[in-house]
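All ligand and atom numbering here is 1-based and tracks the order in the structure.
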Amino acid sequence: MRVGLYPGSFDPITVGHIDIIERAFTIVDHLVIAIGKNATKTPLFELDKRLAMIEEEVGPKAAARDVRLEVISFDTLLVDVARQYKAGLIIRGLRSASDFEYETQMTAMNRTMAPEIETIFLPASPEVGFVSSTLVRQIVGMGGVVDPFVPASVLKKINELK
Ligand code: ADP
């Protein structure tokens, strides 16, 4: 049983995250999506909303692939979360050189603290590699259209904010 941990802020979950998650399904038997509690100071969606949105969107996809899914939130060290859920793999997406710099530094420090946990990077798919939650939040804040960047169920929740 291979357990993977995919951490992020997911505020909101985008088509870029979904792409990474669907590809993670080919690697793990059990995926834990972990929402970091302090990642954004003024969130678009509160944590419990984000959690429900991920469950709604990703739950059926995981079931269809026979992958066990857990969506959780955390405010502790990532390596402690990985240990708690017996995840041997931390999964991260790589979009750009700046992602790479940040991610490799974080990975090196996590590896020092928990050598038994491996981090793997999945390169962003070209079609969605430009999408970021931060930009989605900014566009929403300015009344723009985010249809191409988020799943339909999330778009519905965004429209309900207005
Ligand atoms: P963001 O950086 O967009 O605010 P998160 O902090 O929730 O999103 O990111 C969680 C993980 O998902 C990170 O590893 C990040 O690199 C990855 N990710 C986010 N958006 C994409 C995307 N469009 N394509 C590939 N990976 C992505």
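- Within the 4.0 Å heavy-atom shell around ligand 1 one finds Pro7.
- Among all protein heavy atoms, the one lying closest to atom 21 (C) of ligand 1 is Arg95 CD, 3.5 Å.
- Of all atoms in ligand 1, listed by their number and element, those nearer than 4.0 Å to a heavy atom of Gly16 are 22 (C), 23 (N), 24 (N).
- Taking a cut-off of under 4.0 Å to the non-hydrogen atoms of Thr134, the atoms of ligand 1 that pass are 4 (O).
- The one candidate from Asp48, Leu47, Ile33 that meets the side chain to side chain contact (heavy atoms under 4.5 Å, CB included) condition with Ser73 is Leu47.
- Under the 3.5 Å distance criterion, the side-chain polar atoms of Arg23 are matched with a main-chain donor or acceptor of Pro123.
- One finds no salt bridge joining Glu46 and Arg50 here, because no Lys/Arg side-chain nitrogen approaches an Asp/Glu carboxylate oxygen to under 4.0 Å.
- Side-chain atoms of Val15 and Asp19, non-hydrogen and from C-beta on, never get closer than 4.5 Å to each other.
- Residue, atom and distance of the protein heavy atom nearest to atom 12 (O) of ligand 1 are Tyr6 OH, 2.6 Å.
- Ligand-side atoms of ligand 1 in range of Gly8: 7 (O), 10 (C), range being under 4.0 angstrom from any heavy atom.
- Not one N or O on the side chain of Ser125 forms a donor-acceptor pair closer than 3.5 Å with the backbone of Glu127.
- Below 4.0 Å from some heavy atom of Phe10 lie the following atoms of ligand 1, by number and element: 7 (O).
- Taking every non-hydrogen atom of Glu103 and a distance limit under 4.0 Å, the qualifying atoms of ligand 1 come out as 14 (O).
- Heavy-atom contacts of Ser9 reach the following atoms of ligand 1: 4 (O), 5 (P), 6 (O), 7 (O) (cutoff under 4.0 Å).
- Less than 4.0 angstrom separates some heavy atom of Ile20 from each of these atoms of ligand 1: 25 (C), 26 (N).
- More than 12 heavy atoms of other shown residues, nucleotides or ligands fall within 6.0 angstrom of atom CG in Asp147.
- At a 4.0 Å heavy-atom cut-off, ligand 1 does not touch Phe130 at all.
- Gly93 N, 3.0 Å is the protein heavy atom nearest to atom 14 (O) of ligand 1.
- For ligand 1, the atoms closer than 4.0 angstrom to any heavy atom of Ala124 are 24 (N), 25 (C).
- Polar contact check, Arg137 against ligand 1: no nitrogen or oxygen pair lies under 3.5 Å apart.
- In Gln105, the CD atom is not crowded: 12 or fewer heavy atoms of neighbouring residues, nucleotides or ligands sit closer than 6.0 Å.
- Using modelled atom types, no side-chain atom of Arg92 and backbone atom of Leu122 make a donor-acceptor pair closer than 3.5 Å.
- Using a 4.5 Å heavy-atom threshold, the side chains of Thr119 and Leu89 count as separate.
- The shortest contact between atom 4 (O) of ligand 1 and any protein heavy atom is with Ser133 CB, 3.5 Å.
- Among all protein heavy atoms, the one lying closest to atom 9 (O) of ligand 1 is His17 NE2, 3.5 Å.
- Taking the charged nitrogens against the carboxylate oxygens, Arg83 and Glu116 do have a contact shorter than 4.0 Å, which makes a salt bridge.
- For the pair Val128 and ligand 1, a heavy-atom separation below 4.0 Å is found.
- In terms of hydrophobic clustering, with Ile, Leu, Val, Met, Phe, Trp and Tyr side chains grouped at heavy-atom distances under 4.5 Å, Tyr6 and Ile117 are assigned to different clusters.
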